[in-house]
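Okay, structure first, notes after.
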Amino acid sequence: MTADAHATPLPRLETIGSAARLIVDDAPFLIRGGELGNSAAHRGYLAERWEKLERLGLNAIVAPAYWELVEPREGVFDWTSVDELIEDAAAHGMRIVLLWFGSWKNSMSCYAPAWVKTDSARFPRSRDARGRALEILTPFSDENRDADARAFAALMGHLRDADPQHTVVMVQVENEIGMIPDARDHCEAATEAFAAPVPAELTAALGRPDGGTWREVFGDGPAASEAFMAWHFARYVEAVTAAGRAQLDLPMYTNAALIRKNYEPGQYPSAGPLPHLAEIWRAGAPSLDFLAPDIYFPEFAEWTARYVDSGNPLFVPEALRSTDAAVNALYAFGAHGAIGFSAFGIEQIEGHAEQLLAESYDVLRQLSPLIAENVGRGTMLGLLPPVEHPRAAHRARLGGLLLNATYERTVAPGLADGVINESGDRPADLTRLPAGAIVIQTGPDEFVAAGMGTTIVFDPAEEGDGEVGILSCDEGGFDADGRWVTHRRLNGDETHQGRHLRLVPGRFTIQRIALYRYR
């Protein structure tokens with residue numbers, strides 16, 4: 001089958017302001033994803049796990065294609081693992097974000113084929129400052145780059161022919177690229193390149209003077225080494241990405257392992273597609289659609305903002321599969337109109353985290369048309385407790401109003417149960433729960449809010465504009481046709497007699513609220 005004979009339109013990204021939507025079958029597709037563990041993308045292993053993935057409410061899996069399996073001998077390809085993954089995902093109604101585990105996975109080259117690993121003369125390694133070879137293919141080798149690019153092009157060509165229904169909707173090129181334990185490669189070719197002037201195309205993209213060395217342009221110390229490696233990693237990835245897109249033009253991105261606080265280049269996987277290096281990566285790898293964060297730290301809101309502020313639409317391919325994943329998913333869509341969200345090691349999620357993520361994904365399934373309609377319009381908010389001061393009020397503006405959010409991380413006994421907890425202190429015997437919400441403006445002074453453990457008081461955005469009251473607050477959901485269905489009216493105790501909207505702790509709810517002004 002040729003590229004002109006596709007049974008369905010190619011998936012594509014549609015840019016809306018600073019955000020983007022993934023379009024699949026000519027309709028917006030919001031990824032409710034789960035990334036499989038690194039060694040999980042095998043038919044035999046997944047056979048008994050698909051039911052669990054369906055129960056979670058996933059509409060996509062994020063799963064690897066392994067270079068060592070698809071090209072076990074140079075130029076000889078075996079597509080069994082890829083074809084089985086596509087067949088099984090399609091059979092369970094799921095799409096795939098396919099991860100190319102090529103030259104690098106978590107910095108290392110562990111998924112390179114044996115014929116690459118065992119021929120270090122032809123496929124050289126990076127070296128540390130002492131000259132010791134590392135388990136990292138150097139990006140300063142044309143042989144390394146071209147072998148990877150040929151394999152990736154073959155993969156994309158195979159998808160073009162074998163996946164006309166586009167079960168695979170997006171592709172990640174490499175995985176968590178980075179240099180460690182040194183800030184830069186010290187192989188001979190890298191050392192020569194580091195002493196040379198910074199390429200003019202990079203200085204032009206950054207608006208810096210031409211002709212300087214990396215130290216002269218980026219300063220002494222590890223910052224220059226990291227910028228140097230970011231450029232050369234990006235150029236390598238550009239060659240691989242461009243080769244693949246020439247075969248099948250699916251949306252493509254690459255992802256980053258993030259930085260622990262106070263770590264310096266070399267202490268983390270340095271030079272990856274991080275926010276402070278985004279300009280270098282965009283200049284070096286223009287065939288990528290965006291850069292993506294793998295977020296395992298508690299500062300979820302901070303990291304998502306840094307990626308969006310550095311010029312990317314947001315997609316979170318990997319996130320900690322804790323109970324907080326359930327509210328982080330809502331936040332990603334509400335705050336940034338995310339392309340999608342995916343918890344890592346999804347087949348291993350259990351217990352309360354599994355239950356809450358399934359509830360959250362059910363909420364997102366109901367809200368998907370509304371979210372897609374509002375991406376990039378400035379009509380959505382995401383709310384999460386501040387990390388440093390979790391009981392502080394969170395103030396945000398939306399639709400000419402000031403929203404004052406506070407959060408509850410435990411289910412306190414109710415008044416009728418004989419306990420009054422005026423201090424708000426956490427009872428010692430209660431489980432800490434996630435808290436967070438998405439809020440979408442649906443009309444003048446009308447909103448849909450969904451989440452848990454979040455209370456919102458609405459005030460006028462400007463002093464002197466009177467007071468804001470609640471006309472109605474309904475709890476309910478959206479049916480299969482996208483119509484609102486009210487389950488109950490909440491104008492009594494549940495709204496503090498018309499003074500706030502409260503998404504109770506412990507379970508996810510959707511509420512629709514209409515406000516009015518009075519003096």
Write down the atom of [X], the atom of [Y], and the distance for their closest heavy-atom approach.
X	Y	result
Ala63	Leu85	CB-CD2, 3.7 Å
Asp324	Pro434	OD1-CB, 3.3 Å
Pro124	Asn144	O-ND2, 3.0 Å
Met229	Pro139	CE-CG, 3.9 Å
Pro317	Pro293	CD-O, 3.4 Å
Ala234	Ile280	CB-O, 4.4 Å

Ignoring hydrogens and angles, state whether a donor on the side chain of [X] or [Y] is under 3.5 Å from an acceptor on the partner side chain.
X	Y	answer
Thr80	Asp78	yes
Tyr236	Ser103	yes
Gln165	Thr8	no

[atom1]-[atom2] distance between [X] and [Y], expressed to the nearest 0.5 angstrom:
X	Y	atom1	atom2	answer
Met94	Ile61	CE	CD1	7.5 Å
Phe290	Met252	CZ	CE	11.5 Å
Met156	Gln247	CE	CD	9.0 Å

side-chain contact (heavy atoms from CB on, under 4.5 Å), that's the test. Do Ile96 and Val169 meet it? Break it down for me. CA-CA 6 Å; Ile96 299 173; Val169 295; over 6 Å; no

Centroid separation [X] to [Y] less than 6.0 Å:
X	Y	result
His158	Phe77	no
Phe341	His336	no
Phe152	Trp67	no
Phe228	Trp214	yes

N/O donor-acceptor pair under 3.5 Å between [X] side chain and [Y] backbone:
X	Y	value
Lys52	Glu347	yes
Thr203	Ala200	yes
Asp163	Val168	yes
Asp294	Ala257	no
Ser360	Ala326	yes
Trp303	Leu258	no
Ser342	Glu35	yes
Arg184	Glu226	no
Ser270	Gly266	yes
Arg208	Ala204	no

Step through the shown structure and confirm whether more than 12 heavy atoms of other residues, nucleotides or ligands are within 6.0 Å of [atom1] on [X].
X	atom1	answer
Arg55	CZ	yes
Arg235	CZ	yes
Glu188	CD	no
Tyr263	OH	no

I'd like to check [X] versus [Y] (side-chain heavy atoms, cut-off strictly below 4.5 Å). Are they in contact?
X	Y	result
Pro269	Ile177	no
Leu364	Leu30	no
Leu356	Phe508	yes
Glu299	Lys261	yes
Leu46	Leu36	yes
Glu71	Val76	no
Leu357	Ile346	yes
His276	Ile259	yes

Less than 6.0 angstrom from the centroid, inside 45 degrees of the normal: does Arg365 satisfy that with respect to the ring of Tyr361? no

Is the shortest side-chain N to carboxylate O distance from [X] to [Y] below 4.0 Å?
X	Y	answer
Arg321	Glu354	no
Arg95	Asp25	yes
Glu14	Arg21	yes
Arg306	Asp309	no

Among [options], find the one that has a side chain to side chain contact (heavy atoms under 4.5 Å, CB included) with [X].
X	options	value
Asn374	Thr379, Leu367, Val448	Thr379
Leu134	Arg125, Arg127, Met108, Met179	Met179
Val240	Glu174, Arg245, Arg150	Glu174

Dump the intermediate steps for side-chain contact (heavy atoms from CB on, under 4.5 Å) on Phe123 and Thr118, then the final yes or no. CA-CA 8 Å; Phe123 302 107; Thr118 58; over 6 Å; no

I would like to know whether His42 and Tyr66 meet ring-ring contact (aromatic ring centres under 6.0 Å, His included); could you show each step before the answer? CA-CA 11 Å; His42 299 277; Tyr66 312 100; 5.4 Å; yes

Only one of Phe315, Tyr307, Trp100, Trp281 clears ring-ring contact (aromatic ring centres under 6.0 Å, His included) with Tyr253; which? Phe315

Can you check ring-ring contact (aromatic ring centres under 6.0 Å, His included) on Tyr111 and Trp104, steps first, answer last? CA-CA 7 Å; Tyr111 284 105; Trp104 300 292; over 10 Å; no

Just do the side-chain contact (heavy atoms from CB on, under 4.5 Å) check on Ile438 and Ile371 with the steps written out, would you? CA-CA 10 Å; Ile438 180 174; Ile371 293 171; 3.9 Å; yes

Between Leu155 and Leu98, is the side-chain contact (heavy atoms from CB on, under 4.5 Å) condition met? List the steps. CA-CA 11 Å; Leu155 172 64; Leu98 194 64; 4.1 Å; yes

Test salt bridge (Lys or Arg N to Asp or Glu O under 4.0 Å) applied to Arg12 and Asp26, step by step: CA-CA 9 Å; Arg12 66 185 190 277; Asp26 281 338; 3.2 Å; yes

